[in-house]
Each structure stands twice: as C-alpha cells, then as structure tokens.
Amino acid sequence: MPLGDPCGGEFTYTDEGLPVCISAVTINVSSLQMSYDFYTELLGFRLFDKEEGKVYLKRGDAVIILRKSEDVGKDTGLYLGVDNPFDLHRRLIDEAVIFIRDPMNSPIGVYTTFLDPDRNVINAVDKYGKMERP
C-alpha cells in the first residue's frame with residue numbers, strides 16, 4: 001500500500017525491495033560437528049562463519065545455518081536445488097543416507113527426500129524445476 005511522498009507527491013511502488021530468493025535457512029541439530037561433517041563431506045557445503053551454537057555453511061547461492069538445539073528431527077521444508085536429483089540420490093545411497101522418498105515428479109520438478117543425521121527431513125529438487133533449462 002503506497003504511503004505517498006512526505007512532500008505531498010504521489011509515489012507508486014514497483015518491484016523495489018521485494019524478495020527475489022530465499023537467502024538462508026536454519027536447521028536445528030543436536031551436534032554441530034556431526035552435522036557439519038554431513039553437510040560438508042556429503043553435500044559439499046563449506047564453512048564461512050561460526051559463532052557460539054551456530055555454524056554458517058555455503059554452497060553456491062545456498063546458505064544453511066546449523067543451530068545447536070534439542071528440537072531436532074523436523075520436516076525442514078527445505079528444498080535444495082541440485083542439477084540432478086537422481087545423481088544426488090545415487091551418491092547419498094552409497095553413503096548409507098536414509099531416503100524417505102525416491103526421485104519423483106512434482107509440480108516444481110523432480111525431487112527426492114532424505115534424512116540428515118538428526119532425522120531432519122531435507123528435499124532436493126531439480127534446480128530448473130518445470131522451467132525451461134538454460
């Protein structure tokens with residue numbers, strides 16, 4: 001809802017300041033070290049910062065904040081964009097990661113669902129979804 005110009009003129013908003021992506025997600029974990037190992041060694045994230053009770057990881061444009069908590073084992077609602085969910089599925093199966101959904105079609109594209117070490121639910125979706133590939 002436009003507030004108007006404090007000097008009396010009209011002002012119309014366009015797309016300035018509106019969200020263009022999801023910048024980061026926080027995942028509660030019981031052990032920062034165990035989860036750090038999982039997300040870095042198996043998913044290729046890298047450490048870029050840490051503070052008391054939190055570890056900040058990044059891969060490409062994706063940022064995950066691991067937060068020490070006793071409240072774990074949740075459906076995070078997170079969908080990591082990957083080049084090919086089938087390849088990720090194959091790679092993580094070889095590492096004994098538990099999958100709760102094999103790759104399947106959906107309105108947003110092919111996705112698969114697995115558990116992290118705290119049984120948090122993580123999804124991985126074809127990063128191009130139903131959009132045309134570049």
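These numbers come from a predicted model, not from an experiment.
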Taking [Y] as the starting point, is it possible to reach [X] by hopping between hydrophobic residues whose side chains are less than 4.5 Å apart?
X	Y	answer
Val110	Val82	no
Leu42	Val25	yes
Phe86	Ile98	no
Met104	Phe99	no

Distance-only donor-acceptor pairs under 3.5 Å for side chains of residues 88-97, two or more places apart:
from: His89; atom 1: NE2; to: Asp102; atom 2: OD1; distance (Å): 2.9
from: Arg90; atom 1: NH1; to: Asp87; atom 2: OD1; distance (Å): 3.0

Starting from the C-alpha separation in whole Å, work towards a yes-or-no answer on side-chain contact (heavy atoms from CB on, under 4.5 Å) for Leu80 and Ile64.
CA-CA 10 Å; Leu80 295 170; Ile64 293 178; 4.2 Å; yes
With sequence neighbours excluded, residues passing ring-ring contact (aromatic ring centres under 6.0 Å, His included) with Tyr111:
Tyr79
Partners passing side chain to side chain contact (heavy atoms under 4.5 Å, CB included) against Glu51 (at least two apart in sequence or in another chain):
Lys54, Tyr56
Please name all residues satisfying side chain to side chain contact (heavy atoms under 4.5 Å, CB included) with Gln33, sequence neighbours left out, ordered by chain then number.
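Result, side chain to side chain contact (heavy atoms under 4.5 Å, CB included) vs Gln33: Ser31, Tyr36, Asp37.
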Listing request: all salt bridge (Lys or Arg N to Asp or Glu O under 4.0 Å) pairs with a residue in residues 40-50, at least two apart in sequence or in separate chains.
none
Give the table of side-chain donor-acceptor pairs shorter than 3.5 Å for residues 114-123, with sequence neighbours excluded, one pair per line with atom names and distance.
from: Asp116; atom 1: OD1; to: Asp118; atom 2: N; distance (Å): 2.9
from: Asp116; atom 1: OD1; to: Arg119; atom 2: N; distance (Å): 3.2
from: Asp116; atom 1: OD1; to: Asn120; atom 2: N; distance (Å): 2.9
from: Asp116; atom 1: OD1; to: Asn120; atom 2: ND2; distance (Å): 3.4
from: Asp116; atom 1: OD2; to: Tyr39; atom 2: OH; distance (Å): 2.8
from: Asp116; atom 1: OD2; to: Asn120; atom 2: ND2; distance (Å): 3.1
from: Asp118; atom 1: OD1; to: Ser30; atom 2: OG; distance (Å): 2.5
from: Asp118; atom 1: OD2; to: Ser30; atom 2: N; distance (Å): 2.9
from: Asn120; atom 1: OD1; to: Gly73; atom 2: N; distance (Å): 2.9
from: Asn120; atom 1: OD1; to: Lys74; atom 2: N; distance (Å): 3.0
from: Asn120; atom 1: ND2; to: Asn28; atom 2: O; distance (Å): 2.9
from: Asn123; atom 1: OD1; to: Thr113; atom 2: OG1; distance (Å): 2.6
from: Asn123; atom 1: ND2; to: Leu78; atom 2: O; distance (Å): 3.0

Separation between OG of Ser35 and NZ of Lys68, rounded to the nearest 0.5 Å:
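Taking OG in Ser35 and NZ in Lys68, the distance rounds to 9.5 Å.
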Point-to-point distance, once rounded to the nearest 0.5 Å, from CG of Leu47 to CG of Leu57
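CG of Leu57 is found 6.5 Å from CG of Leu47.
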Give me the atom names and distance for the closest heavy-atom approach of Pro85 to Pro103.
O-CG, 4.1 Å
Measure across Lys58 and Phe48 and return the closest heavy-atom pair with its distance rounded to 0.1 Å.
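Closest heavy-atom pair between Lys58 and Phe48: CB-CD2, 3.5 Å.
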